[in-house]
Amino acid sequence: MRRKIVAANWKMNMSLYETENFWKVFDTEISESTNIEIVIAPPFTALYKLSELTAKSQKVRLGAQNMHFEKSGAYTGEISATMLRELFVRYVILGHSERRQHFGETNELINKKVLAALASQLRVILCVGETLAEREAGKEKEVVEKQLRGCLKGVKPEQFDDIVIAYEPVWAIGTGRNATPEQAQDCHSAVREFLSELAGKEIAQRVRIQYGGSVNPSNAPQLLEKPDIDGALVGGASLDPRNFALIVRAAESTQSS
Ligand code: PEP
């Protein structure tokens, strides 16, 4: 049984004041939640505040949206895994399409980050997904396989338990246009096949695969009931505590025991 995981990617949003207000509402909304894993990845500037706010509830794990692969050094503007660990961060999102698109991140660079995160006991949410042109050319699985092979090079089979894959079709991110549950399930099962080749069938069955791309409270239930959709990575809808809590509840109600 895979435990569902719902993660919020706040991107470059949320001041400290907004973070506090979010938490007041969200904490109450999820007071009954028990059986799934919830992650919030705020901007770096809100990590400390959120780690203080969430410390008592123990219901939410902290995530970061990026990191550098070196532990320290002359890398102006960057943050290392060691620094994130100091703030009680448990997860780091790597390979998000916005980082690939706007900051030129390649599979090779993401691979270095993945290995560094795992070596520092950070869990990785690794994002993969095709562009609209690639989907229209029928190349989505080929693209995703290449990303997985490139980004996961050198990861040892036992380290796969610290990896979550987020399948995020680029054309669905922030566009309001989500993949249908069938399209998503089709790619998720292909991702699991590729993982089997990389790490063996048994391990691949344990790896959680999130769907991301315009997930909201209305489409979450149908997506999350698919057999290979083990959670969601949520951007826009995670900025509203009530909407995010509704997505958490959708995941809870589709969690098999
Ligand atoms: C994301 O940023 O990972 C994402 C899926 O964004 P949105 O939910 O806004 O499409």
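All ligand and atom numbering here is 1-based and tracks the order in the structure.
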So for atom [atom1], which belongs to [X], do other residues, nucleotides or ligands contribute more than 12 heavy atoms lying within a distance under 6.0 Å?
X	atom1	value
Glu202	CD	no
Glu86	CD	no
Arg206	CZ	yes

Counting from 1, what ligand 1 atoms have a heavy atom of [X] closer than 4.0 Å?
X	result
Asn9	1 (C), 2 (O), 3 (O)
Leu233	3 (O), 5 (C)
Gly174	7 (P), 9 (O), 10 (O)
Ala172	10 (O)
Gly213	5 (C), 10 (O)
Gly236	7 (P), 8 (O), 9 (O)

among protein heavy atoms, the one nearest atom 1 (C) of ligand 1 is His96 NE2, 3.2 Å
Logged contact type for Ile173 with ligand 1, heavy-atom cut-off 4.0 Å, is both
Check Ala166 against ligand 1 and report side chain, backbone, both or neither, counting heavy atoms closer than 4.0 Å.
-> neither
Does a donor on one side chain sit under 3.5 Å from an acceptor on the other, for Trp171 and Glu130?
-> yes
Donor-acceptor side-chain pairing of Lys4 and Asn35 below 3.5 angstrom | no
Should Lys11 and Glu98 count as an ion pair when the cut-off is N to O under 4.0 Å?
-> yes
Lys/Arg-Asp/Glu bridge criterion (N-O < 4.0 Å) met for Glu108, Lys153 | no
Could a heavy atom of Ser97 be found less than 4.0 Å from some atom of ligand 1?
-> no
Nitrogen or oxygen of [X] less than 3.5 angstrom from that of ligand 1:
X	answer
Lys11	yes
Glu168	yes
Gly235	yes
Val234	no

When the ring planes of His188 and Tyr211 are compared, do they come out parallel, tilted or perpendicular, using 30° and 60° as the limits?
-> tilted
Lys/Arg cation over aromatic Phe69: Lys112, 6.0 Å, 45° cone = yes
